[in-house]
Amino acid sequence: MRVVHYVAVWVGLVILVALELVVFNAGLPPAQARAGIIGLASVAALLVAVFYQHLIREPRGVALLYIAGLLAALGLIIGMVVSLGVQAGLGSF
Amino acid sequence: MTTALSPVTAQWQELFTLYLTIGTAVGSIVIALLIYNIIRYRHKPGSPEPADAPTPGKVPADRGTIGAALILTLIVTGILFTITLGTMETVDLIEKPPEKGTMVIKVHGFQWGWKFIYPNGLETVNEVRVPRDEVIIFAVTSDDVFHKFQLIEFKIGVDAIPGKVIWIWIKPADTGEYTIQCFELCGVGHAFMTGRLIVMEPSEFESWYKG
Amino acid sequence: MEIPLNSVRRWLFTTNHKDVGILYFITSLYFLVVGGALAVLMRLQLMAPGLNILQSAPFNQAVTVHGLVMVLWFLSPLAFAFANYFVPLQIGARDLAFPRLNAMSYWFYLFGGLLAAIGFFTPGGAIDTGWTVYAPLNTAKYSPQLGVTLGGAGLLMLIASVTMSTVNFLVTIFRSRAPGMTLWRMPIYTWGILLTVFMMLFAFPSVAAGVIMLAADRLLGTLYFSSVEGGAILWDHLFWFFGHPEVYIVLVPGLVAIAEVLPVFARKPLYGKKILITALIIGSIMSFMVWAHHMFVTGIDPGFRKFMTITTETISIPFGVATLAFILTLVGASIRFTTPMLFALGGVALFIIGGITGVFNSSVALDYYLRGTYWIVAHFHYTLVGGATTGLIAALYYWWPKMTGRMFNEKLGKLHFIVYMIGFNLLYFPMHFLIDMPRRVFTYPAGMGWELPNMLATMGTIVFALSWLILFINLYQSLRKGEPAGNNPWGAWSLEWLVPSPPPRHNYDGQPVVKADGTITIQPIPANGGHHIHETHYSKWPLFISLGMFVTFLGVGLGLPVLLLGALILIGSIVGWAKEKFIAVEPAEGERWPFANVERVRLGVWTLLFGEVVLFGALIGSYIFVRINSATWPAPGEFLNPMEGAINTFILVTSSLTAILALAGAKSGNQGLLRGGLIATFILGFIFLFNKGREWSELFSHGITFSSGLPATTYYITTGAHGMHVAAGLAVLIYLIIHAFKGRITKENHAGLEGFDLYWHFVDIVWLFLFPLFYLI
C-alpha cells in the first residue's frame, strides 16, 4: 500500500468519528443512537484492522484467530449480560 | 437416606439414582472393556510384534476410520442425551412451588450464621421453625459475603449472594430437627455456620408463631 | 557469554529449552511437595471430628494455597516442563522461537509462586479465600490481610508467565517445524500442547482482567466487587470464563501424555489419531462455552442455564471419544507392562470414573444440592489427579531416560504404581460418600455419618504421599547409579528418540526432515560451516527482569522504598535486555502452514493481541454488566465531556497514521519518513496521555474518585488499562526512535517496528470502542 492510501484511510477514520458526534447530537431515540454510534465505531475499527494492521495481506489464519479472540470476548460479554436475565432489564442501557 | 422428606427431595434422589445407575453401568462397561483389552492383548513371551508397531524414525501410519468415530460418537451421545431428558423437568419442580398462599421466610446469611425473617416480622437466628405438610419458601440472600444455604436432609440448597434473592421451597413430610449448613467458604467461621430447621405439627407451629 | 555446564550460573542464565524444561520440572515438583504437605495437614485435621491440628484460619490458608499451587504451580508447569523439553525436539527445532522470553516465563512463574506462598509469613497469613477467590470475600473489607494482595500479585505474575509461554509455543509450533513435519504428523503430545496454549491464550486474559479489577478494588478503592451490581456474579463470570477452560488446560496435557505413551508400549499406532485430535479441538473450543455450570445456583437466567447444561453434557462427548480411542488402541496390541504404561493405563481408568461423575454436575437439578459438597471434591480429583497427574507421571517415567540418560528401577516403579493406585482410591473414593459434607470446613461434628469416609481418606493420604516418596527415591537412585539409557530404550518413533540421551544443546547435528513416506532423517546442513550455528544460550536479563517485577510487587506490601528499588531493577534490566545481542536461529525452511508469510516477531505480536482482545473484552464486558445491573447511570455527557474524548480520539487515530507512515518509510528505505513518523507518533501518544491525565485530575478536583460509584470505577479502570497500554507503547517507541536514528531500522530489518505498529493500531482500535462506550452512550 502507498502513502496516499494510508492517508485516505485516515480521512475515512476522521469522518467516521465525526459522524459519531453527529449521531450523538442528532437527538435520536437512545436505542437508535447507540446502534448507530457503535456501528460507526465498528466500521472505523475494521478499517484500522484491515488497512493499518494489513489484515488484507495476512494469511487467513491470522484473521481467523483475530475473529476467534473476538468471539471469545463477545461470548463472555453476551454470557454476562444474558445471565442477568429479564429481572435486571435493559432500562439503564 | 431419608425418603420423600419433601417432593423436591424425592425428585432429587430419584434423579441422582438414575444418574448413578446409568453412570455405574457405563463406567463398568468401559472399564471392563479396558481391562479385557489389557489382559487379552498383553505381551506373551515369544509372540511377534504387531506388523504396524512403531518404528524408530518413521511416522506411524494412520489407524482407525471416520466410520468408527461416528459410531463411537453416536453411542456416547445417545447415552448422554437419554440422561439429559430426565433433568430439565426436575429443575422446574425445584424452582416452581406448587401452591399459592405459601409462607415465605427470608433467609439472610451473614458471617457467621443465618437470620430468618417470617412474614409477620418475627426474626430468629440459626433456628427456623416451620409447620409440617406446608409449602415453605425460603427467599435466600446474604448480608455480607458469598454463602450457600443448604438443607442437608432435604437435599436442596442455594447460593446466598449479597444483592440477590433466590428462592427454594420444601414441603416437609415429617416433623423433626434437620441440619442447615453453609456450603461456600465464607471466612474463618465457615465450619460453624450451621443452623437447625425444626419441623413442627401445624397446630404446635401455629401457637409458637402467634406467641 | 559462555558458561561452564556444571556451574550454578548456567541454571540462572540459561535460555536453552531443555535447561528451562528441567527448571520447570524441578520447580513444579517442589510446588507439588508444598501443595502435598498442605494436603496432608488438612487430611490429618479432618481425620476425625473435632481435632485441633490445623485451626480454622490456617486451614483456610492451606486449602486455598493447596488449590492454587496444585493447579497453577504444579500441574500445568509439570506439563510445560515436558513441553519445554520435548516440543522443540518433537517438531525437529533447535529451540523455542523466543528463548529469552521462555526463560523469563520460567522466572515469572517461580517468583509468582513465591509471592503467593510468602503470604504465610505475613501477619494475617497467606491468601485464604479458596482458590476461586470468590467476591466479595476477596475485597479489603472482608479480607484486609496482605496475603490476599500478595496472592493476587502472584497470580498476575503467573498470568504474565503463561501469556509469554503461549506466544512462544504458538510461534514455535507454527514457524519452527522441520520440513515434512506437517501438523497431522506432529506427535500427539505436541498437538495437545498446541491446543493447551490456544486455550490459555483466550482463557487467562479473563482472569487477568478480574485480578486487575480486584487489585484496583483493594488498593485504589474501586467498587467492582464490593458493590452488589458487580460483586459475586461479576467475579464468577470473569473467574469461571477462565476457570473452566483451565480445567481442560490442565487435563489435556495429561490425556495426550497417555496418548503418547500407550502406542509405544502397546506396540500399535494410536487408534484414530486424527479423530482424537479432532475431538480434542472440539473439546477445547467447547471449554469456553460451559463456564456458567459453576454458577447454576446463583440465580442466573434459566434459559442461559439450559444452554450451559446442554453444552456441558455435550463436552463430555469429545472426551468420551478420546477415552474410547485409548481403549481401542489396545486392540491387537502386544502390551508391555512397563512403569510408564502402567501409569498410562491407570490414568485412563481413573479418568473414566472422574468423567462420569462430571456428567452429574451438568444437571442443574442435581447441582442445587451437589455444589459445595465433597462429591465435587471427589469428582475433580479423579479428573485432575487421577486423569491429568497420573498421565503426567506416565510421561515422567517415559521421558526420564531421555532427559537424564539413565534408566530408573522398574521394580520400584511398579511398586510406586501399586501404592499410588491403592493410596489414590483410598483417598478419593470415600469422598463420594461425603456427599452431605461441605467442602473447605476445617472440622465437622460427630454423628453425621462422616467419620468413616474421612478416616479412610486420611489413611489414603498417607499411602498416597508414600507413593510419591517411592518416586523420588527412584529418581534419586537413577541419577546416581541408573543404567545408561541409550538413544531409544522404548522403541518409540518420534524425533526425540533419534538423538542421544540427554540430547546435545542444539538438539540435532543437522536438519531433521520428514519424507513423504513418513521416514525421518537428519540431513547435514549444507554449506557454510555445517551445524556450527552460533546461537546464544544464556542471558541474565530474564532473571533480573523477573526479580525486578517480584521486588516491585513486594513493595506494594512493604512500602515505597522497596517498590522503587523493584522499579529500578525492572527498568534497568529491560534496558539491558533491549541492548543485548541475542541470536536465536530460525530454521531456514520448514513446515509453516498456515503462517508461512508471517514473520516470527509479527506472529508473536499477533498472538499477544489475540489474547488482548479477550482482556479488553472482559474489561468492557464488566462495564456493560455493572451498568445494566445498576438502577441508575449518568446520561452521556453528564460527567465526561464528549468533546474532550473526541479530540483525544482524533489524536490517537492520527498517531496510527504516523505509525503506519513510519513503517512505510522503513519499507521503502525512506529514513526521513521513518524518523519523522516515529517522532510524530511519540508526540501524539504523549499528548493523548497528557489529555487523559488532565481529564482525570479535573474529575478528581470535582471529587469524583475511584470510589465515587460504578460509573467512575469503570471509567477510571477501563481507560486506565488502555492508558497503560499507550504508555507501554511509548516506552517501546523510545527504543525504536533510538534505533531509527542509529540507522538500524532498514528496508531489510524492520521486524520490531512492524510488531510495534500492530500493537499500536490495536491500542487505537480499543480506544475507538472505549470513546463511544464511555463518552457518547
Side-chain angles (χ1 to χ4, degrees), chain B residues 12 15-16 19 23 26-27 30-31 33-34 37-38 41-43 47 49-50 52-64 68-69 72-73 76-77 80 83-84 87 90-91 94 144-146 148 152 155-159 161-164 166 181-188 190-191, chain C residues 56-57 60 130 134 136-137 142 185 228 231-232 263-264 267-269 271-273 275 297-299 313 316-317 320-321 324 327 330-336 345 348-349 352-353 356 359-360 363-366 368-369 372-373 436 438 440-443 488 491-493 497-498 514 518-520:
Chain B
W12 187 90
L15 190 65
F16 186 77
Y19 270 76
V26 173
V30 179
I31 290 182
L33 204 65
L34 174 69
N37 276 347
I38 291 173
Y41 297 110
R42 69 189 184 282
H43 172 70
S47 63
E49 287 246 305
D52 52 356
T55 331
K58 182 131 171 63
V59 180
D62 280 341
R63 178 182 171 213
L72 293 183
T73 314
V76 184
T77 320
L80 276 174
I83 314 182
T84 317
T87 315
T90 317
V91 180
I94 288 177
D144 40 47
V145 302
F146 202 128
K148 189 189 181 200
I152 292 180
K155 299 287 173 266
I156 180 85
V158 80
D159 288 340
I161 297 170
K164 288 198 86 154
I166 313 169
Q181 187 151 9
C182 178
F183 271 63
E184 177 59 53
L185 180 62
C186 55
V188 286
H190 173 52
Chain C
S56 179
N60 286 351
Y134 267 7
L137 183 64
Y142 300 109
R185 279 177 175 165
V228 293
V264 173
R267 309 307 301 154
K268 285 286 274 186
Y271 187 90
K273 182 181 172 189
I275 301 165
V297 293
T298 57
E313 297 226 348
S316 34
I317 296 172
V321 169
L324 291 173
I327 295 174
L330 302 178
V331 174
S334 173
I335 301 170
R336 264 74 162 179
L345 293 170
V348 177
I352 292 169
I353 299 173
I356 284 171
V359 177
F360 288 63
S363 158
V364 178
L366 289 178
Y368 265 97
Y369 187 66
T373 66
D436 291 337
R440 295 166 172 155
V441 287
F442 81 100
T443 190
N488 193 355
W493 69 269
W497 302 104
L498 300 180
V514 187
T519 317
I520 305 161

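So you know, we letter chains A, B, ... as the sequences are listed, proteins then strands, and number each from 1.
- Summarising the geometry, atom CG belonging to C:L366 is positioned 8.0 Å from atom CD1 belonging to B:I94; distances are rounded to the nearest 0.5 Å.
- Annotation: maximal heavy-atom pairing with chain B below 4.5 Å, among C:V348, C:V441, C:L498, occurs at C:V441.
- Between chain C and the residues B:P162, B:G57, B:G187, B:P60, the most heavy-atom pairs under 4.5 angstrom are made by B:G57.
- Considering all non-hydrogen atoms of both residues, B:Y19 and C:V359 come closest at CE2-O, 3.7 Å.
- Between C:I352 and B:V26 there is no side-chain heavy-atom pair separated by less than 4.5 Å.
- Here the closest non-hydrogen pair linking C:P269 and B:R63 is O-NH1, 2.8 Å.
- Heavy atoms only, all atoms of each residue included: B:Y41 and C:G332 are closest at CE2-N, 3.0 Å.
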Let me see the working for C:I327 and B:V30 under side chain to side chain contact (heavy atoms under 4.5 Å, CB included), right down to the final yes or no. CA-CA 9 Å; C:I327 295 174; B:V30 179; 3.5 Å; yes
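- Residues B:L34 and C:L345 come closest through the heavy atom pair CD2-O, 4.1 Å.
- Here CG of B:D62 is found 11.5 Å from OH of C:Y271. Values are rounded to the nearest 0.5 Å.
- In this structure, chain B has heavy atoms under 4.5 Å from both the backbone and the side chain of C:F360.
- Each of C:L137, C:V228, C:N60 has some count of heavy-atom pairs under 4.5 Å with chain B, and the biggest count is that of C:L137.
- Side-chain contact between C:W493 and B:K58 is absent, with no heavy atoms from C-beta onward closer than 4.5 Å.
- In terms of non-hydrogen atom pairs under 4.5 Å with chain B, the most contact-rich of C:I353, C:V264, C:I356 is C:I356.
- Listed here is the closest heavy atom pair of C:G372 and B:F183: O-CD2, 3.4 Å.
- Both the backbone and the side chain of B:L33 come within less than 4.5 Å of a heavy atom of chain C.
- Using a 4.5 Å heavy-atom cutoff, the side chains of C:T373 and B:K148 are not in contact.
- Contact of B:D52 with chain C is made through backbone and side chain together, with heavy-atom distances under 4.5 Å.
- Only the side chain of B:S47 comes within less than 4.5 Å of a heavy atom of chain C; its backbone N, CA, C and O stay farther away.
- The part of C:V514 that comes within reach of chain B is its side chain, from C-beta onward, which places non-hydrogen atoms under 4.5 angstrom from that chain.
- Judged by distance alone, with hydrogens and angles left aside, the side-chain atoms of C:D436 form no donor-acceptor pair with the main-chain N or O of B:I152 at under 3.5 Å.
- Between the side chain of B:R42 and the backbone N or O of C:S334 there is no donor-acceptor pair closer than 3.5 Å.
- Counting heavy atoms from C-beta on, the side chains of C:T298 and B:I161 come closer than 4.5 Å.
- Using a 30° and 60° split on the angle between ring planes, C:Y369 and B:W12 fall in the perpendicular class, above 60°.
- Counting heavy-atom pairs closer than 4.5 Å to chain C, the top residue among B:C182, B:C186, B:P54, B:A61 is B:P54.
- What you find for B:I31 and C:A349 is that their closest heavy atoms are CD1-O, 4.0 Å.
- Contact annotation: the side chain of C:Y134 never approaches that of B:L185 to less than 4.5 Å [non-hydrogen atoms, C-beta and beyond].
- No other option in C:R336, C:K273, C:R440 has as many heavy-atom pairs under 4.5 Å with chain B as C:R336.
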